[in-house]
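As the structure is a computational prediction, the values presented were derived from the model and not from experiment.
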Amino acid sequence: GTSGRMLGVDALVAKLAEQAKTPESADGYSVVPVHAWSHSYADVVAVVEGLKKHDGVDVVKPSELIARIKANVKPASVIVV
């Protein structure tokens with residue numbers, strides 16, 4: 001798809017590329033759940049490869065994501081929705 005909650009590869013790459021890239025803000029981080037029956041490993045690889053073309057976007061393991069958030073984001077800027 002190209003909109004809504006279930007995006008295809010190209011739409012997801014575009015959506016992530018346009019997000020904030022400010023490491024000091026919680027808005028600068030994204031977690032992308034992958035529905036196992038709707039997407040394949042090849043889809044995940046395609047998203048990672050597509051994001052390599054965009055500056056300021058890193059794909060990391062969850063442990064690295066948490067470490068970066070803890071190191072860069074002050075607790076007052078974290079908003080739980």
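The list of salt bridge (charged side-chain N to carboxylate O under 4.0 Å, His left out) pairs with a residue in residues 32-44, not counting sequence neighbours, is empty.
Cluster membership for V44 and W37, using ILVMFWY side-chain heavy atoms within less than 4.5 angstrom, is not shared. In terms of hydrophobic clustering, with Ile, Leu, Val, Met, Phe, Trp and Tyr side chains grouped at heavy-atom distances under 4.5 Å, V47 and V32 are assigned to a common cluster. The same ILVMFWY cluster, assembled from side-chain heavy atoms under 4.5 Å apart, contains both V48 and L51. Tracing side-chain contacts under 4.5 Å through hydrophobic residues (I, L, V, M, F, W, Y), one never reaches Y29 starting from I66; they form parts of separate clusters.
Side-chain contact check for H54 versus V57: some heavy-atom pair is nearer than 4.5 Å. A 4.5 Å side-chain heavy-atom check between R68 and V60 finds at least one atom pair inside the cut-off.
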Which donor-acceptor pairs under 3.5 Å do the side chains of residues 8-23 make with protein atoms, sequence neighbours left out?
| from | atom 1 | to | atom 2 | distance (Å) |
| --- | --- | --- | --- | --- |
| Q19 | NE2 | K15 | O | 3.2 |
| K21 | NZ | A17 | O | 2.3 |
| K21 | NZ | Q19 | O | 3.3 |

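E49 has a carboxylate O that lies under 4.0 Å from a charged side-chain N of K52, or vice versa, which qualifies the two as a salt bridge.
Formation of a donor-acceptor pair under 3.5 Å by the H35 side chain with backbone atoms of S38 is found in this model.
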